[in-house]
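First comes the structure, then the notes that go with it.
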Amino acid sequence: MTVKEQNEASRPSHFIRNIIADDREKNVHQGRVHTRFPPEPNGFLHIGHAKSICLNFSMAEEFGGKCNLRFDDTNPAKEEQAYIDAIKADIEWLGFRWEEPVHYASDYFDQLHDWAVYLIGQGKAYVCHLSPDEAREYRGTLTEAGKDSPYRNRSVEENLRLFEQMKNGELAEGSCVLRAKIDMSSPNINLRDPIMYRIRHVSHHQTGNKWKIYPTYDYTHGQSDAIEGITHSICTLEFEDHRPLYEWYLDNLPIENKPRQYEFARLNLNYTVTSKRKLKQLVDEGHVNGWDDPRMPTISGMRRRGVSPAALRHFCEMIGVARSESIVDVGMLEHAIRDDLDKNAPRAMCVLNPLKVVITNYPQDQIEQLKAPNHPNKPEMGERQLPFAREIYIDVDDFREEANKKYKRLVLGKEVRLRNAYVIRADEVIRNAEGEIDEIRCTYDPETLGQNPLDGRKVKGVIHWVAAHRCLDVEVRLYDRLFLAEHPDAKKDVDFLTHINPDSLRVLQGCKAESSLANAHPEQGFQFEREGYFCLDRFDATEDKPVFNRTISLRDSWSKLDSEN
RNA sequence: UGGGGUGUCGCCAAGCGGUAAGGCCCCGGGUUUUGAUCCCGGUAUGCGUAGGUUCGAAUCCUGCCACCCCAGCCA
């Protein structure tokens with residue numbers, strides 16, 4: 001198999017790729033491929049945007065083309081510079097490089113204005129003084145045609161004069177708009193004389209106080225694409241009805257390069273909310289700690305949680321690109337995350353709920369330095385030292401006074417393997433005044449380091465542990481799904497907030513981590529063996545107080561078994 | 001009851017007239033000092049539905065059904 005074939009095999013065809021490949025073969029756009037990712041800076045990017053980013057950037061990359069980053073900043077009231085900065089950081093973190101410089105739709109406000117004057121001159125645009133309510137009435141309904149605005153036949157001169165006044169801030173906000181003169185009886189409502197400009201006496205994060213009028217998305221997007229030489233303008237399905245309008249502007253303006261718009265189905269994930277409005281609500285109302293809270297499906301949230309760019313990109317490839325609306329199982333995202341971490345995360349041990357174990361036949365002051373591989377299947381990842389001593393911690397869940405045969409951990413009177421160390425036997429349970437278990441007294445078999453018991457005894461279980469006096473005291477944040485309902489926003493009459501998982505974050509203090517973890521870097525993924533994947537929080541961890549976020553647990557076929565009994 | 005779309009395994013998704021890819025999930029079995037990973041094997045006589053064309057249809061034609069989007073001076 002050639003490299004190209006392998007590539008094609010691992011990247012299944014999808015309709016956008018097919019269209020582009022086809023266009024290149026037919027030399028459409030002189031064989032150029034130029035895409036763009038056009039976010040509005042009114043919130044943080046989420047997993048759905050990741051799909052679009054991967055699509056746009058990878059199509060350009062694959063076909064030797066370019067991909068622009070363009071902020072779709074036509075509504076200054078909702079936009080902020082802070083979002084622009086965050087969006088740029090997210091895209092870079094994902095590993096994509098846009099074609100410099102960064103573009104803004106607002107870069108084209110002058111050109112757009114001149115084109116509006118041009119359309120007025122052609123008798124194809126007019127200033128309309130209908131109030132919003134009146135305009136709605138005149139627009140008609142889905143089944144009834146609209147009516148022409150009484151202002152539709154103003155003279156070119158009057159329109160020019162009024163538009164100039166709009167531009168100069170001489171007219172009040174909301175008093176009138178500039179509309180394209182298309183067809184009030186079109187079955188496509190977008191063609192019923194759509195608004196091109198509205199008056200907004202607000203300053204803009206890029207253009208300051210220069211403008212009193214701002215163009216709408218429809219009047220801006222296609223032309224911006226054309227100006228930038230975009231060939232394939234990829235957007236989501238809900239813009240499909242806008243395509244005739246997109247093309248109307250390109251056809252009625254003196255524009256050479258005509259980009260084509262293609263629509264794909266946006267990403268939906270179960271147990272997740274991906275609507276900027278709702279995500280903003282979660283942030284604004286304090287249900288989470290900011291846009292980059294590790295529970296958020298935002299790119300920065302997932303980053304902070306410990307998800308790698310590679311995992312996200314792989315996920316986007318797995319789910320494909322199509323035109324049918326679908327809801328992807330979060331299990332697929334989780335699989336992509338585990339798959340990446342399993343291959344790349346060094347192993348370590350950390351006891352989440354410590355239970356002291358005293359090994360009575362181990363010398364009082366002795367400390368051995370055991371060796372442990374950093375990855376069981378990748379010797380090239382090296383090994384580390386693991387101090388072993390008379391007192392260790394194991395997890396509360398890994399000991400039972402009595403249990404059936406299915407329980408493969410430490411049971412009173414039975415043996416278990418300490419991961420990377422010896423086999424121990426539980427001899428005695430020590431209780432405090434309240435009758436709670438305080439510690440377990442064990443004995444170890446010195447002949448079992450790196451080998452099975454010499455007499456052929458079978459020890460089936462393996463548990464993790466940490467040396468009591470050589471470990472780190474750490475905080476661990478256990479994250480779980482933010483929503484309990486599979487489709488949190490499915491019902492319009494049920495507030496999605498009612499489905500919030502009250503246990504989406506559990507903070508554990510006093511967890512005991514092996515000492516080598518003192519060298520962990522923020523965002524570096526580790527597998528805490530038998531527990532899951534964790535990383536140091538990039539904002540809250542300090543030298544004195546390490547804070548680890550659980551990215552995701554290990555797959556667990558035991559808890560299912562256990563609960564069946 | 002207008003217009004635009006979509007319907008292939010529990011969830012994604014290839015397929016474009018030659019006899020249903022792949023991934024996730026699930027179920028068996030094997031390896032394993034992580035109940036992880038990994039490895040083998042299994043899972044649609046069926047492609048929304050009813051007809052038609054054809055030697056042959058998920059692919060072409062016709063009717064029907066279901067679901068999604070559109071009546072912001074949001075994008």
Side-chain angles (χ1 to χ4, degrees), chain A residues 9-10 12-14 18 38-40 42 72 74-75 77-78 128 130-132 135-137 139-146 173-179 186-192 194-200 214 216-218 220-221 235-244 263 265 270 276-277 317-336 338-339 342-343 347 349 372 375-377 406-409 416-423 448 450-452 459-464 527-532 553-562:
Chain A
S10 65
S13 75
H14 62 239
N18 294 160
E40 185 191 10
N42 66 346
D72 220 334
T74 57
N75 187 8
K78 291 187 176 172
C128 179
L130 246 26
S131 72
R136 193 178 313 119
E137 263 175 56
R139 192 154 38 228
T141 68
L142 295 177
T143 52
E144 297 162 46
E173 277 192 29
S175 60
C176 59
V177 294
L178 183 71
R179 294 225 250 168
S186 171
N188 181 342
I189 290 178
N190 294 122
L191 262 18
R192 316 240 263 229
I195 290 170
M196 295 166 59
Y197 272 95
R198 51 321 201 191
I199 302 170
R200 284 291 115 91
Y214 291 96
T216 57
Y217 164 85
D218 283 314
T220 305
H221 206 87
C235 62
T236 44
L237 248 29
E238 67 268 29
F239 291 101
E240 194 162 8
D241 289 344
H242 295 240
R243 194 169 64 221
E263 311 86 17
N270 62 10
K276 256 195 220 173
R277 204 209 97 229
E317 223 159 72
M318 279 170 67
I319 58 175
V321 179
R323 286 178 61 86
S324 61
E325 291 198 61
S326 57
I327 301 172
V328 174
D329 192 332
V330 263
M332 258 209 254
L333 209 212
E334 294 172 347
H335 171 266
R338 287 194 182 100
D339 196 49
D342 173 62
K343 287 182 179 67
R347 314 285 122 128
M349 293 196 284
H375 190 113
N377 312 319
K406 281 185 182 167
Y407 186 80
K408 301 199 298 179
R409 308 180 188 186
V416 77
R417 156 77 61 184
L418 292 177
R419 176 73 166 160
N420 296 126
Y422 301 95
V423 168
T448 54
Q451 62 183 5
N452 288 323
V459 178
K460 51 184 189 303
V462 180
I463 63 173
H464 56 101
Q527 184 195 105
F528 288 175
E529 290 191 277
R530 302 210 315 127
E531 290 290 357
S553 64
L554 251 28
R555 276 186 76 212
D556 178 14
S557 52
W558 157 250
S559 61
K560 224 186 313 173
L561 264 180
D562 191 35

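Every chain is numbered from 1, with letters handed out A, B, ... down the list of sequences.
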Under 4.0 Å from OP1 or OP2 of B:C26: is there any side-chain N or O of A:R555 that close?
yes

What does A:A145 touch in the nucleic acid at a heavy-atom separation under 4.0 angstrom: a base, only the sugar-phosphate, or nothing?
nothing

Does A:R136 have a side-chain nitrogen or oxygen under 4.0 Å from the phosphate oxygens OP1 or OP2 of B:G72?
yes

Hey, mind stepping through A:L142 and A:I189 against side chain to side chain contact (heavy atoms under 4.5 Å, CB included) and telling me if it holds?
CA-CA 7 Å; A:L142 295 177; A:I189 290 178; 3.4 Å; yes

C1' spacing across the pair B:A57 / B:G17, given as an integer number of angstrom
6 Å

May I ask which nucleotide in the shown strands pairs with B:C74, Watson-Crick or G-U wobble, both distances under 3.5 Å?
none

Considering every strand and a 4.0 Å limit on heavy-atom distances, what is the contact class for A:L237: base, sugar-phosphate, or nothing?
nothing

What interatomic distance, in whole Å, is found between P of B:U8 and the corresponding atom of B:G30?
37 Å

How about A:M318 and A:D339: do any of their side-chain heavy atoms sit closer than 4.5 Å?
no

For A:R409 and B:U33, is the shortest distance between a side-chain N/O and OP1 or OP2 below 4.0 Å?
no

Distance check, C1' atoms only: B:C9 and B:C26, in whole angstrom units.
12 Å

Do side-chain atoms of A:R136 reach the backbone of A:S131 as a donor and acceptor pair under 3.5 angstrom?
no

Which part of the nucleic acid does A:N377 contact within heavy-atom distance under 4.0 Å: base, sugar-phosphate only, or nothing?
base

Mapping A:D556 and A:S326 to their closest nucleotides on RNA chain B, which lands nearer the 5' end?
A:S326

Tell whether A:E531 reaches the base of B:U34 with its side chain through a donor-acceptor pair below 3.5 angstrom.
no

Heavy atoms only, 4.0 Å cut-off, all strands: where does A:Y407 land among base, sugar-phosphate and nothing?
base

Donor-acceptor contact present, side-chain A:R409 to main-chain A:G461, <3.5 Å:
no

With A:E529, the side-chain hydrogen bond (donor to acceptor under 3.5 Å, both in side chains) member among A:R419, A:R347, A:H464
A:R419

So what does A:P39 hit on the nucleic acid, given a heavy-atom distance under 4.0 Å: a base, only sugar-phosphate, or nothing?
nothing

Base-pairing assignment for B:G28 (Watson-Crick or G-U wobble, both under 3.5 Å):
B:C40

Whole-angstrom distance between B:G3 and B:C73, as gauged at atom C1':
23 Å

Just checking A:E144: base, sugar-phosphate only, or nothing, at a heavy-atom cut-off of under 4.0 Å?
nothing

Contact class for A:M318 (heavy atom, under 4.0 Å): base, sugar-phosphate, or nothing?
sugar-phosphate

Here the distance between atom C1' of B:C69 and atom CZ of A:R243, to the nearest Å, is 13 Å

Using a cut-off of strictly less than 4.0 Å, decide whether A:N420 has a side-chain nitrogen or oxygen near OP1 or OP2 of B:U34.
no

Once you apply a heavy-atom cut-off of 4.0 Å, does A:I463 come out as touching a base, just sugar-phosphate, or nothing?
nothing

Under a 4.0 Å threshold between the charged nitrogen and the carboxylate oxygen, would A:E40 count as salt-bridged to A:K276?
no

Which base, if any, makes a Watson-Crick or G-U wobble pair with B:U49, both distances under 3.5 Å?
B:G63

At under 4.0 Å, does any side-chain N or O of A:R139 touch on OP1 or OP2 of B:G72?
yes

At less than 4.0 Å, is any side-chain N or O atom of A:R198 found next to OP1 or OP2 of B:A75? Yes or no.
yes

Counting any heavy atom closer than 4.0 Å, what does A:G532 reach on the DNA or RNA strands: base, sugar-phosphate only, or nothing?
nothing

How is A:H242 classified with respect to the nucleic acid when contacts are heavy atoms under 4.0 Å: base, sugar-phosphate, or nothing?
base

Whole-Å gap separating C1' (B:A71) and CZ (A:R179)
12 Å

The glycosidic conformation of B:G72, counting syn as within 90° of 0 and anti otherwise, is syn

Within the structure, does a side-chain N or O atom of A:S324 lie under 4.0 Å from either OP1 or OP2 of B:A13?
yes

Is the backbone N or O of A:N188 less than 3.5 Å from a side-chain atom of A:S186, with the two atoms forming a donor-acceptor pair by type?
yes

Compare every heavy atom of A:L237 with every heavy atom of A:R323, then report the nearest pair and how far apart it is.
O-CD2, 3.3 Å

Check this one for me: any side-chain N or O of A:R530 less than 4.0 Å away from OP1 or OP2 of B:U37?
no

Between B:A20 and B:A44, how far apart are the C1' atoms? Round to whole Å, please.
8 Å

Any salt bridge between A:K560 and A:D556, counting N to O under 4.0 Å?
no

Kindly say whether, by distance alone, the side chain of A:R417 makes a donor-acceptor pair under 3.5 Å with the base of B:U33?
yes

Sugar-phosphate only, base, or nothing, as touched by A:R338 at under 4.0 Å among non-hydrogen atoms
nothing

Would you say a side-chain N or O of A:T216 is under 4.0 Å from OP1 or OP2 of B:C74?
no

Minimum-distance nucleotide (side-chain atoms of A:R200 versus B:C70, B:C74, B:A14):
B:C74

If you compare every side-chain N and O of A:T74 against the phosphate oxygens of B:A75 (OP1, OP2), does one of them come in below 4.0 Å?
yes

OP1 or OP2 of B:G35 less than 4.0 angstrom from a side-chain nitrogen or oxygen of A:S559, does that happen here?
no

So what does A:V423 hit on the nucleic acid, given a heavy-atom distance under 4.0 Å: a base, only sugar-phosphate, or nothing?
nothing

If pairing requires Watson-Crick or G-U wobble contacts with both distances under 3.5 Å, which nucleotide is the partner of B:A57?
none

What nucleotide, of B:U34, B:C12, B:A75, holds the atom closest to the side chain of A:D72?
B:A75

To the nearest Å, give me how far apart CZ (A:R323) and C1' (B:C69) are.
11 Å

With a centroid cutoff of 5.5 Å and a plane-angle limit of 30°, would you call A:W558 stacked on B:G35?
yes

With a non-hydrogen cut-off below 4.0 angstrom, is A:F239 in contact with a base, only sugar-phosphate, or nothing?
base

Separation between the C1' atoms of B:A71 and B:A50, rounded to whole Å:
35 Å

For A:L130, report the nucleic acid contact type (base, sugar-phosphate, nothing); a contact means any heavy atom under 4.0 Å.
base

P atoms of B:G10 and B:U53, separation to the nearest Å
32 Å

Rounding to an integer number of Å, can you tell me how far A:I327 CD1 sits from B:C68 P?
11 Å

When you measure from the side-chain N and O atoms of A:H335 to the phosphate of B:C24, is any distance below 4.0 Å, counting only OP1 and OP2?
yes

A:G320 or A:I199: which one's nearest nucleotide on RNA chain B is closer to the 5' end?
A:G320

Measure from CD on A:E325 to C1' on B:G5 and round the result to the nearest Å.
9 Å

Taking the C1' atom of each, how far is B:A58 from B:G48, in whole Å?
12 Å

Looking at A:E137, I'd like to know if its CD atom is crowded, meaning that more than 12 non-hydrogen atoms belonging to other residues, nucleotides or ligands lie closer than 6.0 Å.
no

